[in-house]
Each structure stands twice: as structure tokens, then as C-alpha cells.
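Keep in mind that the numbers below use all heavy atoms, side chains included, and drop hydrogens, waters and symmetry copies.
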Amino acid sequence: MKAAVVGGGWAGLAAAVELARTGFQVTVFEAARQLGGRARSVRTQGQLLDNGQHILIGAYGETLRLMRTVGADPDRLLHRLPLELSFPTGQPHPFRLRLPRLPSPWHLAAGLLTARGASPGEKIAAMRFMRCLQGTAYRLGDDCTVAELLDRHGQHGALRRHLWEPLCLAALNTAPLQASAQIFANTLRDSLGSGRAATDLLLPAADLDRLFPAAAAQFIRARGGEIRLACRVDTIVAGPVVFGERFDCAVLAVGPQHAAGLLAGQPETAASARLLSGYAFEPIATVYLAYPPPLSLPWPMLGLDDRQTGQIGQWVFDRGTLCGTGGLMAFVLSAHGAWEDLDNAQLVLALDRQLAATLCRPLPPVLWQHAIRERRATFSCRPGLPRPAVETALPGWWLAGDYVCAEYPATLEAAVRSGVAAAGAISASLPVARRACAAGARSGPQSPRRA
């Protein structure tokens, strides 16, 4: 059985790995010259950096499973740390919350009760908020914005400013005033509301290519599959047929804006195209500032909150601690904000000033800098946003992408889950073919096909 996967991001690679694992001969078509999509590595200043400083958490079960499947050991490639949110210059007081290594739910209760910079009333209100969500199984009924949800449950002060709102921005990449409360509740259910290990931060200790894409490509090729880079698919045809080659099934795993254009070309999928063409998008910027190697942060990830210098970035990561590139700091700027009006030189100056205020000391001169702006980094995760199904109306075609995973925002885990779901739906729809593929897989991988 032959499967085509259009798109070599994490969703497409997840689908390709799952299909290859069950015996399909997979061909991946990727328009770019490298795999990884919006979570890839870039080379600058003689170093391999990431196009964005991605954060994983312990709740990313499918991502961790697939990393192990393709031989990318998470224990070696990820730093596992207890969740700690530290805002040294938080207003009106410095803020720090750390979840201890205790069984659930005591880890969350202890973390909230010992949080610095929050009043006793705020801590009790936060625990009531989580208990209320648990009591409704994290189902809200009618969706609303995160800001409205927090107002409704009396979440104000330091915990709102340094816990709930930063978590919303980090997970949904959408400001609390516009973000979906139901999707936010889902993320709380599977992180703070789950087991202790689910809340751990998994910070990459290697570039994004090594986390999954490179090992996934090797896994696919070893099972008779093929990766075709710089190969843009401009039309999709029922059958499915890609570049005149017939396949038994195909997965369309591109961004929603690109999927809308491809689906619009077929009458059967015009409704899906209209749905996706109505999506709004949010930007993300990652700015790398290289300082002399002695400079380091007191914690691998620090929150930036300084009203005197103007809040531009939300987080800064110490790449020296994480990846061994001493003095290199990665700043993350999520969703629409004032930072979009600054050019790169102004942005670098503002972030340098913000970091100095956070560390409460002057900084050495910046040796070099590199700014990466993704203007359509994620879909805007708004209340009641409709999501497409994994199965399309076009015969032979299935859909994957973080926007297909209806319970989650645009995260790596959502992308991986959507790819796994597409592969599972294909296998379920072709039971006889699946048994034949499994028999072929047991007899050993076939020789790779040439284009």
C-alpha cells in the first residue's frame, strides 16, 4: 500500500511515521528544502538555531511516544525540569511559582500556597478556580474568552498576571482578551489538572531538527519510504493522485491558509476551504541576542515583566544552559503586540534593556543578534472556532495539522496528534489493506523507490 503525505512539518511527519510503522510505503512531499515546517532549525552566525524557541511539557504524550519510536531519545534531547515561573521584576512584587515533586494534586496545591508575590486570597481563589474546573470535567458549556473566564472566577492580581495570562499566551498564542476559554481549560486539564509529571517543562537541549524531523525521515526511509524536498504540490486530485502518481491514500498536512487554497480547487472540499479561509492568524517572534559567554540566567527560562522599560518580550531562555552555546539568549514574543511596530534594531535595543532590568545589572555589549518573525505562526485560537474533520470529502484524502486537533491550540502536540489521528483513520478505513501491509511489514522493509 502506497501513501502520500503532502507537508513535512510535525503533523505530516507524525502521519508518515505511523503509516510507515504499520507497513505503508510512504512518500513525503515538502515544498521547503528542509523538514520541520514551523518548528525547524535555521543556520546563522555559523550556528544552528531554531526558528522559534519551542516549549514542550510532560503532557505531550504522543510527541514523546513518537520521538521514542523513531529513536530520538527524549531523556537525552530534552531537559526535564519542574514547572517554575519566575518574574524577578514582577509588578508590584517579584513573583515565583514552583511545583514541587509531590503526587498530584498536592504538587499544585503546594506550588500555589508557596508562590511568592501573591496574596493569600489570590492563592485560595486560584485553588477554587481549579477545583471548579475539575468539578465540571473542564467543560464550560458556552465558550467565552479567557479574560471573561478569569473575571468570572475572581482571578486577579499577581496570579492572573504571572500564571494564568502567561500560560494562555504560551499555549494558545492568543491574548486572553480574544483567546478561547474552552481550549485554555483543555490545556489546564492535561497539564496542571493532570499528574505531576504532566506539568514538567521539557526544554530542548538540541536543535529542533534532532528532536524529531531528522530521525523521522530516517525511520521512513528505512521502511522503503521517500522524502522529496523542494517539491511543492499545487493541486490535489481525487484518487488520490500526486504529480501523476497514484497512491492508495494521501494526507494533506499543510498550514490552514495553504490547505484552504488546495481544497478550494475541488468542488467536494469547497466547504472546508471556506471554513479555513476564515481563520485569523497570530505572529511569533524569536530574537537571539549573543552576549559574551560568562553571561547566564539564574534559571533556564525567565519571565520578562518590567513596566519601566516597557514590556516587549514575555520570556527569555538561556541557550547556554540548555544547548551549550554560552551567552546566547532567546527571547520569545507571542501574539499581536507593540513589538510588531518596532524594526529589528529597535527590538534588539528594547529586549536588551528589558533583560538588564530583569537581572538588575548592566549587561555587556551584544556581540550579534538575529530576529525571526513568523507573521502567521499559528491560527488565532478564538472562542467557538470551528475545526475541520480529519476525513475530507475528496476521495482518498485526509487532513492533518494542529488546527485539525479540535481540543488543543496550535502546539507541537496538537500537530503530532492530528497526524497520528489521520494515520489511524486511514488504517481503520482500509482493514483488509492494513492486514496486507502488516504482513508485508513483518516480512521486512522493502527497498526504497526512486523518483
Side-chain angles (χ1 to χ4, degrees), residues 38-42 44-45 47-56 79 84-91 95 161-162 165-171 173 175 201 203-205 207-208 282-375 377-378:
R38 288 168 291 158
R40 65 189 184 277
S41 298
V42 296
T44 183
Q45 301 292 330
Q47 297 193 38
L48 197 62
L49 304 175
D50 298 328
N51 76 314
Q53 181 61 55
H54 291 267
I55 307 172
L56 289 75
H79 285 294
E84 179 168 337
L85 303 179
S86 180
F87 292 82
T89 55
Q91 300 294 324
F95 178 87
R161 182 169 174 179
H162 300 304
E165 291 183 345
L167 288 181
C168 173
L169 264 181
N173 194 41
L201 290 176
L203 302 180
D207 59 85
L208 289 172
E282 300 282 347
I284 293 179
T286 302
V287 181
Y288 292 97
L289 299 188
Y291 295 92
L295 182 67
S296 63
L297 302 181
W299 185 250
M301 181 182 83
L302 282 183
L304 298 170
D305 183 12
D306 187 81
R307 301 297 171 176
Q308 295 179 350
T309 59
Q311 187 176 11
I312 299 297
Q314 289 97 30
W315 304 98
V316 58
F317 294 82
D318 188 341
R319 300 278 294 189
T321 301
L322 295 173
C323 306
T325 51
L328 183 61
M329 304 296 159
F331 296 81
V332 175
L333 303 88
S334 299
H336 290 296
W339 63 269
E340 294 177 278
D341 297 327
L342 303 180
D343 61 29
N344 287 348
Q346 294 170 322
L347 199 55
V348 167
L349 183 62
L351 292 172
D352 177 66
R353 190 181 303 130
Q354 195 174 1
L355 180 59
T358 299
L359 298 179
C360 299
R361 68 176 190 263
L363 300 178
V366 176
L367 302 178
W368 57 266
Q369 66 276 336
H370 185 70
I372 300 173
R373 301 179 187 240
E374 299 274 358
R375 299 191 182 280
T378 69

Quick one: do L359 and L302 satisfy side-chain contact (heavy atoms from CB on, under 4.5 Å)? Show the steps, please.
-> CA-CA 10 Å; L359 298 179; L302 282 183; 4.1 Å; yes
Q314 to S334 - nearest heavy-atom pair and separation = OE1-N, 2.6 Å
Determine, step by step, whether F95 and R161 satisfy the side-chain contact (heavy atoms from CB on, under 4.5 Å) criterion, reporting the C-alpha distance in whole Å, the side-chain angles of both residues, the deciding distance to 0.1 Å, and the verdict.
-> CA-CA 10 Å; F95 178 87; R161 182 169 174 179; over 6 Å; no
Nearest non-hydrogen partners of L201 and M301, listed with the distance = CD1-CE, 3.7 Å
Donor-acceptor contact present, side-chain N51 to main-chain R38, <3.5 Å | yes
Let me see the working for L304 and F331 under side-chain contact (heavy atoms from CB on, under 4.5 Å), right down to the final yes or no.
-> CA-CA 9 Å; L304 298 170; F331 296 81; 3.7 Å; yes
Looking at V332, I312, L347, V316, which hits side chain to side chain contact (heavy atoms under 4.5 Å, CB included) with V287?
-> L347
What is the minimum heavy-atom distance between T321 and H79, and which atoms define it?
-> O-NE2, 3.9 Å
CA sep, side-chain torsions, deciding dist, call: I55, L203, side-chain contact (heavy atoms from CB on, under 4.5 Å) | CA-CA 6 Å; I55 307 172; L203 302 180; 4.1 Å; yes
Shortest non-hydrogen contact from A377 to P283?
-> CB-C, 4.1 Å
To the nearest 0.5 Å, atom CG of L49 lies from atom CG of L208 at 10.5 Å
What pairs with S296 under side-chain contact (heavy atoms from CB on, under 4.5 Å), at least two apart in sequence or on another chain?
-> D318
Distance from L289 atom CG to L351 atom CG, nearest 0.5 Å?
-> 6.0 Å
F317 backbone acceptor or donor facing Q53 side chain under 3.5 Å = no
Separation between CZ of R361 and CG of L355, rounded to the nearest 0.5 Å = 8.0 Å
Give a yes or no answer on whether the side chain of Y288 reaches the backbone of W368 with a donor-acceptor pair at less than 3.5 Å.
-> no
Which atom names give the shortest non-hydrogen contact between P166 and F87, and what distance separates them?
-> CG-CZ, 4.0 Å
If only atom types and distance count, is the side chain of D343 paired as donor or acceptor with the main-chain N or O of Q346 below 3.5 Å?
-> yes
CG (L333) and CD1 (I372) are apart, to the nearest 0.5 Å, by 12.0 Å
When rounded to the nearest 0.5 angstrom, what distance separates CE in M329 from CD in Q369?
-> 15.0 Å
Who are the salt bridge (charged side-chain N to carboxylate O under 4.0 Å, His left out) partners of E84, not counting sequence neighbours?
-> R96, R98
Mind listing the closest non-hydrogen atom pair of C323 and P204 along with its distance?
-> SG-O, 3.7 Å
